[in-house]
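Single-structure report; data block below.
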Amino acid sequence: MTRHAFATTQPDIPILLLSGRSEEKDRIEGFEAGADDYVIKPFSPREIVLRIQNMITRVYSPGPYVSETGDLLNNAFKIGDIVLYPSARRVMVKQNEVHLTPKEYDLLYFLITHQEKVYSREVLHTEVWKSSHRGIYDRRTVDTHIKRLRDKLFSYYPEGNGWIQTLWGHGYMFKKI
């Protein structure tokens, strides 16, 4: 196994190794490959459930520190009074949790992580909806989600209403004003 073989493919996903190999060298190799925990057979199903719950809590808890520039820092983005926690898929505005649908969240995440760049409806649909099949979606799907996202976010923070900007004939972009 190569060093950090697990961690390099999906660094945000915790890895629990269940193994019949109990020698120290095997456990060390598992940890060096990127495992977060290593359990040797036989094991209790309850123990596995508790270990998984602890790993999820540890890995996916929102960090207390965020960058004002919108850079990822301790698993959070902060732009003004908007805080986005990617690992928990949570959005806070002025310390109020904003409940977004999965696609609204994905759209906001994409725009925040690609600030100051204009994206057409087609590109947003391909990137956020992971589809390039133009015939199976309504042309206004992206517009509708943008409108709902603006309404939800900026009902808590009207000063930021211009952050998701429409560039007529070109698309949308997230711009800190």
Side-chain angles (χ1 to χ4, degrees), residues 1-117 119 123-133 145 149 152-153 156-157 163-164 173-174 176:
M1 218 177 285
T2 61
R3 183 169 171 79
H4 303 291
F6 302 119
T8 57
T9 57
Q10 295 291 329
D12 292 345
I13 297 175
I15 309 234
L16 173 65
L17 287 179
L18 305 175
S19 177
R21 303 178 97 177
S22 60
E23 292 186 29
E24 180 184 16
K25 70 177 183 71
D26 297 318
R27 293 190 312 267
I28 288 172
E29 186 177 318
F31 286 118
E32 286 178 341
D36 295 293
D37 202 352
Y38 191 103
V39 180
I40 302 164
K41 294 182 201 176
F43 50 81
S44 153
R46 179 74 179 134
E47 177 187 3
I48 298 302
V49 168
L50 290 172
R51 285 177 182 265
I52 290 170
Q53 287 173 340
N54 286 336
M55 285 188 336
I56 289 171
T57 300
R58 187 174 60 250
V59 172
Y60 293 112
S61 293
Y65 304 105
V66 291
S67 168
E68 285 293 335
T69 63
D71 296 325
L72 186 60
L73 179 62
N74 289 341
N75 297 325
F77 290 96
K78 182 174 183 186
I79 296 142
D81 288 326
I82 298 173
V83 182
L84 185 94
Y85 297 101
S87 58
R89 293 183 64 88
R90 290 179 59 207
V91 177
M92 305 291 285
V93 177
K94 288 193 173 183
Q95 301 187 9
N96 296 299
E97 185 162 5
V98 179
H99 300 283
L100 302 177
T101 67
K103 284 302 171 199
E104 290 166 349
Y105 175 85
D106 292 343
L107 182 58
L108 179 63
Y109 179 83
F110 181 83
L111 290 171
I112 283 178
T113 57
H114 297 86
Q115 292 181 45
E116 306 288 332
K117 296 178 187 168
Y119 292 94
V123 170
L124 288 171
H125 193 269
T126 300
E127 293 296 323
V128 175
W129 279 260
K130 303 297 183 203
S131 174
S132 61
H133 302 293
H145 280 78
L149 185 56
K152 288 180 180 182
L153 285 177
Y156 293 103
Y157 191 52
W163 284 359
I164 297 177
M173 78 172 181
F174 191 94
K176 184 175 177 181

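Partners of I28 according to the side-chain contact (heavy atoms from CB on, under 4.5 Å) rule, which considers only residues two or more places apart in sequence or in another chain, are E24, E32. Taking Y119 as the reference, nothing meets the side-chain hydrogen bond (donor to acceptor under 3.5 Å, both in side chains) condition, with sequence neighbours excluded. Partners of R21 according to the side-chain hydrogen bond (donor to acceptor under 3.5 Å, both in side chains) rule, which considers only residues two or more places apart in sequence or in another chain, do not exist here. Every residue meeting the side-chain hydrogen bond (donor to acceptor under 3.5 Å, both in side chains) condition with S19, not counting sequence neighbours, appears here in chain and number order: Y38. Evaluation of the side-chain hydrogen bond (donor to acceptor under 3.5 Å, both in side chains) rule for Q95 yields no partner, not counting sequence neighbours. Listed by chain and residue number, K25, D26 satisfy the side-chain contact (heavy atoms from CB on, under 4.5 Å) test with E23 (two or more places apart in sequence, or in another chain).
In this structure, the side chain of K103 engages the main chain of V128 through a donor-acceptor pair within 3.5 Å. Here the side chain of R51 pairs no donor or acceptor atom with the backbone of L16 at under 3.5 angstrom. Counting only distance, with no hydrogens or angles, the side chain of E127 and the backbone of L124 share no donor-acceptor pair below 3.5 Å.
Looking at Y85 and M92, their side chains come closer than 4.5 Å, going by heavy atoms from C-beta outward. In this structure, the side chains of V83 and V91 stay at 4.5 Å or more apart for every pair of heavy atoms.
Residues A76 and P86 share a closest heavy-atom pair of CA-CD, 4.1 Å. The two residues E116 and M173 come nearest to each other via the heavy atoms C-SD, 3.9 Å.
Atoms CG and CZ, from L50 and R46 in turn, are 4.0 Å apart once rounded to the nearest 0.5 Å. The distance from atom CG of L84 to atom CZ of R89, rounded to the nearest 0.5 Å, is 9.5 Å. Once rounded to the nearest 0.5 Å, the distance linking CD1 of I164 with CG of L149 reads 4.0 Å. The structure places CD of E104 at 3.5 Å from NZ of K152, a figure rounded to the nearest 0.5 Å. Rounding to the nearest 0.5 angstrom, the gap separating the CZ atom in F110 from the CD atom in Q115 is 12.0 Å. In this structure, L18 CG and K41 NZ are separated by 8.0 Å, a value rounded to the nearest 0.5 Å.
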From CA spacing to verdict: side chain to side chain contact (heavy atoms under 4.5 Å, CB included), F77, Y109:
CA-CA 9 Å; F77 290 96; Y109 179 83; 3.8 Å; yes
Using the rule given for side chain to side chain contact (heavy atoms under 4.5 Å, CB included), can you reason through I40 versus R27, listing the C-alpha separation, both sets of side-chain angles and the distance that settles it, and then say yes or no?
CA-CA 9 Å; I40 302 164; R27 293 190 312 267; 3.7 Å; yes
